[in-house]
Number of protein chains: 2
Amino acid sequence: MVVDTELSDVEVDRIFRALADATRRDIVRRTLVEEASVSSLAAAYEMSFAAVSKHVAVLEGAGLVTKHPHGRERLVRGNPDAIRRAQELLDAYERIWRDRIGRLDALLAEPETPAPHLTD
Amino acid sequence: MVVDTELSDVEVDRIFRALADATRRDIVRRTLVEEASVSSLAAAYEMSFAAVSKHVAVLEGAGLVTKHPHGRERLVRGNPDAIRRAQELLDAYERIWRDRIGRLDALLAEPETPAPHLTD
DNA sequence: AGTATCTACAACCATTTGGTTATACGTTAC
DNA sequence: GTAACGTATAACCAAATGGTTGTAGATACT
């Protein structure tokens, strides 16, 4: 079941912005494969723990990962729902494109056909 | 036919970064529906022409729109190929997730049985 | 020719971003 | 209890971002 929550502009901004960094995308990839503590993630990149911790915070703010305490560690887990919501956003653009092509096709076909659904 | 061009990290960065702004997403949407001159786009937003022109430049740099001269205007056209490439990127993350679930399933089932089909 | 329109580009400014180091705090291990 | 580990957070910095105004070059209109 897909929840189809309407995302605000700001939320969409955050999701795409979070994905616009190679380190963060790699963190998402790793934590989709399996949970990882922040420090184990930090060990994988040539930057400070604090920098990685910030990246994780950005991803968490976008909902792309969740973090839950486990002893003194915080385990980071990729959130497939957020990925799906981002996919739906891109699907919407594809749909716009296909609709446009559909309209052009209809235009080139018999002129009697009523104009297909058209929105602003 | 899909060309499956391998995108560099920097290119992926640019695509997601370009999508991380509501005005730019709206420009993509509009220009997927139909071509528009930069000034006609600028008329739609409460910011200067120069600002909109910059947004278009960012989208062009990410390959999300193309621009071609038409008299004194530059017509902006949304590029569905770039959208599709972005979709493929997100698909890759979904696939990682599904693979993980598949592996867990295989682990829980009797080791002889092949992993059952699993959907969300 | 002269004017209006469309665009590009430079210079500037405030804010955000992505990194750093240093400090403080909770948890685990000895 | 003390030391070591994992994390969060603050202060700081350089560079990028998103906006502005102003100037200048093409193209179109009359």
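The figures that follow rest on heavy atoms only: side chains count, while hydrogens, waters and symmetry mates do not.
- Note: CZ (A:Arg72) to C1' (D:dG6) measures 6 Å, nearest angstrom.
- Summarising the geometry, the separation between CD on B:Glu60 and C1' on C:dA8 is reported as 12 Å, rounded to the nearest angstrom.
- Under the 4.5 Å side-chain contact rule for hydrophobic residues, A:Leu7 and A:Val58 do not share a cluster.
- A:Arg77 and A:His68 share a donor-acceptor pair across their side chains, judged by distance under 3.5 Å alone.
- Contact annotation: B:Ser39 reaches the phosphate of C:dT7 (side-chain N/O to OP1 or OP2, under 4.0 Å).
- Rounded to whole angstrom, the span from the CG atom of B:Leu59 across to the P atom of D:dT17 amounts to 13 Å.
- Looking at heavy-atom distances under 4.0 Å, A:Thr23 makes no contact with the nucleic acid at all.
- The pair A:Asp26-A:Arg30 meets the salt-bridge criterion, with a side-chain N (NZ, NE, NH1 or NH2) lying under 4.0 Å from an Asp/Glu carboxylate O.
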Please tabulate the protein-to-nucleotide N/O contacts below 3.5 Å involving nucleotides 11-16 of chain C, giving atom names and distances.
none

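- OP1 or OP2 of D:dA8 lies within a sub-4.0 Å distance of a side-chain N or O belonging to A:Lys67.
- The shortest distance between the side-chain N/O atoms of A:Ser53 and the OP1/OP2 oxygens of D:dT7 is not below 4.0 Å.
- At whole-Å resolution of the value, CZ in B:Arg74 and C1' in C:dT5 are 13 Å apart.
- Between A:Leu90 and B:Ile83, the shortest heavy-atom contact is O-CG2, 3.9 Å.
- Scanning all heavy atoms of the two residues, the minimum distance from B:Ala18 to B:Arg24 falls at O-NE, 2.9 Å.
- Atoms CZ (B:Phe16) and P (D:dA16) sit 22 Å apart, rounded to a whole Å.
- A close approach under 4.0 Å does not occur between any side-chain nitrogen or oxygen of A:Ser48 and OP1 or OP2 of C:dT21.
- Spacing between atom CZ of A:Arg14 and atom C1' of C:dT17 amounts to 15 Å, rounded to whole angstrom units.
- Across all strands shown, A:Ala50 has heavy atoms under 4.0 Å from base atoms, whether or not it also approaches the sugar-phosphate.
- Using a 4.0 Å cut-off between charged nitrogen and carboxylate oxygen, A:Glu34 and B:Arg100 do not count as a salt-bridge pair.
- Atoms CZ (A:Phe49) and C1' (C:dC25) sit 13 Å apart, rounded to a whole Å.
- The closest side-chain heavy-atom distance from A:Ile27 to A:Tyr45 is below 4.5 Å.
- Across the protein-nucleic acid pair, B:Glu46 atom CD and D:dG18 atom C1' stand 16 Å apart, rounded to whole Å.
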